[in-house]
Engineer: 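Below: one structure in structure tokens.
All values reported here derive from a predicted model rather than from experimental measurement. Values below: every heavy atom of this structure, side chains too, minus hydrogens, waters and symmetry copies.
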Amino acid sequence: TTTATATTTNTPCPTTTLLHLDHQHVLHPYTSMTHPLPTVPIASAQGVHFTLSNGTRIIDGMSSWWAALHGYRHPKLDEAIRRQVTDCMSHVMFGGLTHRTAVLLACRLLEMVNNDLDAESNDDDDDDDDQCLKRMANHSIDAHHNHDHHFTKVFLSDSGSIAIEVAMKMAIQYWFTILGGNCSKTKFVSLRNGYHGDTFGAMSICDPINGMHSMFDGILAKQWFIPSPSGCREEDGVETIRQLEQVLTCHSKEIAAVVMEPIVQGAGGMKFYHPSVLRKARELCDEYNVLLIFDEIATGFGRTGAMFAGWHDEESYRPWSSSLVQDYCTDEDTPRKGGHTNAEKAKSIVYPDIVCLGKALTGGYVTMGATLTTSKVAHGISDQGGPFMHGPTFMANPLACSVALASLKLLRTSPWEERVNHVREQLIKNLSPLAQLSSVREVRVLGAIGVCELKESLSREQMEIVQRALVNEGVWLRPFGKLLYTMPPFNCEELEDEHLRKIGEAMHIVASDL
């Protein structure tokens, strides 16, 4: 009996039992609490592949919701985690304490977001890090950095959604302090089809009709919404800007900030729009004394073809759409790069007052968000002695900071622009045939984002069938609503054309059956 008991105890729990327990007790994102969609059991991940519990390998076409840009189990990121745990600490509170990884990460982010990466990277990690800290110490007193839209402050938080909450609180507290306790500038303007997170402040600036939070409409703060651009061309954003100006003309005394996902509206529909919208929004915010917030949580760190989506100009912005092939034909004889590699183009970068980062910040390893702002906003909030009122328990977590630093170094020292452009070409090649299907409304590509928009939304039953079929084809995608889309790990050395071909074929197979 003793032997039998020991044997039973040491036997791994069968996958069927785990799936049963998962179904009964574990809640998953955006699905029923009592009749959830089926889940796929993953045993491990490596490079661009998931290995299922039965040993089957499938291609990850989602980068775990935009995050794993380098793929999985990258040796440099793994080592960063190990070194932090072994040599330093996994966590300490950030109230009254600080640590090198947090300070260095803040400096790295400020250099990146301010487009101050002029110095060559050193092969020695420690020397390179020390040089960054010295550069920042010198830059902090440079007069040419003392302008309204130069970022100088970093708030390191738990996640992208919390980064948005922090940004909204910064905007409200800024005007509260500047204008006094009776300040009425407490509202926000955002775009229809926008998505900014699932916490309450973030939900209030998501599309209240077409978004995922309509059931909470009666209890969320009331905000202003303007139509999103109708397409990816410059003229498609004219009505958006006209209505933004109208709202600001009538209500700027109530509005703390305009919040935008630059260039790409993510979970709200994977829609692309022209950089001119950002420039004109910046001008209007300045004219009407309103702050501008960019939500770069999904778009930051190279995914769209520029390091940050707000950096796009007419040269770097290269959308492809099956409905506008003649307007956006590809001229591969004239290579284009993001504005951050050219001093002249850098002048066209649109800088907000506050920017939010997340997802790919840690390379998909650990949850983390960051909210960056300017001295103007910081002084407005605290010059009269007031503290900024937010403080997460796991703020500036050392593990997250350490792997974020490793991920940022891996990105900036890699040929990421060439990789994004190559992924873009392959996505156009492999997804464009879907446009001929009767179930498909449009196929569009920007950077390392490929979208197949269906004519009709998937029902729950269709979603389950499509998900199973994709896995059977050896691909992991997570469709929602009318969208079949992919955002592969574009900066993973193991990503090959064959993987992108298989993603396109799998999408074509499931869309053909709808």
Side-chain angles (χ1 to χ4, degrees), residues 30-31 37-38 40 58-63 65 192-193 195 207 209-212 214 227-233 235-236 263-274 304 318-330 423-488 497-514:
Y30 310 117
T31 190
L37 287 165
V40 178
I58 62 175
I59 300 163
D60 170 34
M62 296 296 292
S63 298
W65 274 337
R192 294 280 182 188
N193 301 308
Y195 174 81
D207 191 315
I209 297 173
N210 300 313
M212 296 182 283
S214 57
S228 58
S230 58
C232 57
R233 300 168 302 179
E235 55 265 36
D236 295 328
I263 306 299
V264 180
Q265 293 189 284
M270 297 292 173
K271 298 177 182 294
F272 312 148
Y273 64 89
H274 196 272
T304 68
R318 303 178 66 194
W320 183 92
S321 167
S322 60
S323 60
L324 293 170
V325 174
Q326 297 304 314
D327 297 80
Y328 285 97
C329 56
T330 304
V423 170
R424 172 186 178 273
E425 295 167 18
Q426 292 299 309
L427 289 177
I428 293 171
K429 175 182 176 181
N430 291 297
L431 301 190
S432 56
L434 277 78
Q436 305 303 316
L437 299 177
S438 60
S439 61
V440 173
R441 177 182 176 273
E442 182 185 41
V443 176
R444 48 188 180 268
V445 175
L446 179 67
I449 306 167
V451 183
C452 172
E453 183 177 343
L454 305 171
K455 292 178 180 177
E456 302 292 337
S457 294
L458 295 173
S459 66
R460 186 196 184 284
E461 292 74 18
Q462 287 176 314
M463 175 69 172
E464 185 172 341
I465 293 169
V466 166
Q467 191 78 85
R468 186 185 307 115
L470 288 166
V471 171
N472 289 339
E473 293 299 326
V475 169
W476 176 253
L477 300 176
R478 187 64 172 171
F480 74 92
K482 295 181 179 181
L483 300 179
L484 273 170
Y485 67 105
T486 183
M487 49 187 78
D497 292 355
E498 177 67 11
H499 299 134
L500 299 170
R501 183 186 65 79
K502 287 184 176 180
I503 290 173
E505 286 181 351
M507 292 174 69
H508 194 282
I509 287 169
V510 298
S512 298
D513 292 336
L514 294 174

Engineer: Please find the pair of heavy atoms, one from L470 and one from P479, that lie closest to each other, and give the distance.
Structural biologist: CD1-CG, 4.0 Å

Engineer: Distance check, rounded to the nearest 0.5 Å: L500 atom CG versus T486 atom OG1?
Structural biologist: 7.5 Å

Engineer: Which heavy-atom pair separates G268 from Y195 by the least distance, and what is that distance?
Structural biologist: N-CB, 3.9 Å

Engineer: Salt bridge (Lys or Arg N to Asp or Glu O under 4.0 Å) with R192: which residues, sequence neighbours excluded?
Structural biologist: D207

Engineer: CG/L454 to CD/Q462 distance, rounded to the nearest 0.5 angstrom?
Structural biologist: 9.0 Å

Engineer: Can you tell me how far apart CG (L437) and CE (M507) are? Round to the nearest 0.5 Å.
Structural biologist: 10.5 Å

Engineer: Could I get the full list of side-chain hydrogen bond (donor to acceptor under 3.5 Å, both in side chains) partners for S512, not counting sequence neighbours?
Structural biologist: H508

Engineer: Is there a donor-acceptor contact under 3.5 Å from the side chain of T31 to the main chain of L37?
Structural biologist: yes

Engineer: Looking only at non-hydrogen atoms, find the nearest pair between L431 and V451 and report the distance.
Structural biologist: CD1-N, 4.1 Å

Engineer: Would you mind listing every salt bridge (Lys or Arg N to Asp or Glu O under 4.0 Å) that reaches into residues 451-462, with sequence neighbours excluded?
Structural biologist: R441-E453, R444-E453, R460-E464

Engineer: Applying the side-chain contact (heavy atoms from CB on, under 4.5 Å) criterion to V443, which one of L434, L427, I428 satisfies it?
Structural biologist: L434

Engineer: Establish, from distance only, whether the side-chain atoms of S323 and E442 form a donor-acceptor pair under 3.5 Å.
Structural biologist: yes

Engineer: Determine whether V510 and L484 satisfy the following criterion, side chain to side chain contact (heavy atoms under 4.5 Å, CB included), listing intermediate values before the conclusion.
Structural biologist: CA-CA 9 Å; V510 298; L484 273 170; 3.8 Å; yes

Engineer: Can you name the closest pair of heavy atoms from S322 and A435 and give their distance?
Structural biologist: CB-CB, 3.5 Å

Engineer: Just verifying a value: how many Å separate I503 CD1 and M487 CE, rounded to the nearest 0.5 Å?
Structural biologist: 11.0 Å

Engineer: Can you run down the salt bridge (Lys or Arg N to Asp or Glu O under 4.0 Å) pairs that involve residues 504-514, sequence neighbours left out, and say none if there aren't any?
Structural biologist: R501-E505

Engineer: To the nearest 0.5 Å, how far apart are CH2 in W476 and CD1 in I59?
Structural biologist: 14.0 Å

Engineer: Going from CG on L514 to CD1 on I509, what distance comes out if it is rounded to the nearest 0.5 angstrom?
Structural biologist: 12.5 Å

Engineer: For N430, enumerate each residue passing the side-chain hydrogen bond (donor to acceptor under 3.5 Å, both in side chains) test, keeping only those at least two apart in sequence or located in another chain.
Structural biologist: none

Engineer: For a quick test of reading the model, state the closest non-hydrogen atom pair linking V475 to A506 and the distance between them.
Structural biologist: CG2-CB, 3.9 Å

Engineer: Taking Q467 for its side chain and L477 for its backbone only, find out whether a donor-acceptor pair lies under 3.5 Å.
Structural biologist: yes

Engineer: Evaluate C232 against L324 for side chain to side chain contact (heavy atoms under 4.5 Å, CB included), listing each step before the verdict.
Structural biologist: CA-CA 9 Å; C232 57; L324 293 170; 3.7 Å; yes

Engineer: Could you go step by step and tell me if M463 and R468 meet the side chain to side chain contact (heavy atoms under 4.5 Å, CB included) rule?
Structural biologist: CA-CA 9 Å; M463 175 69 172; R468 186 185 307 115; over 6 Å; no

Engineer: Return the set of residues passing side-chain hydrogen bond (donor to acceptor under 3.5 Å, both in side chains) with S63 (not counting sequence neighbours), or none when no residue passes.
Structural biologist: R303

Engineer: How far apart are the closest heavy atoms of P319 and L446, and which atoms are they?
Structural biologist: N-CD1, 3.7 Å

Engineer: Is there a side chain to side chain contact (heavy atoms under 4.5 Å, CB included) between Y273 and Q265 once you walk through the steps?
Structural biologist: CA-CA 8 Å; Y273 64 89; Q265 293 189 284; 4.3 Å; yes

Engineer: So, the side chain of R478 versus the backbone of G61: is there a donor-acceptor pair under 3.5 Å, distance only?
Structural biologist: no

Engineer: Side-chain contact, heavy-atom cut-off 4.5 Å: S432 with W320?
Structural biologist: yes

Engineer: Could you check if a side-chain atom of R318 sits within less than 4.5 angstrom of a side-chain atom of R424, using non-hydrogen atoms only?
Structural biologist: yes

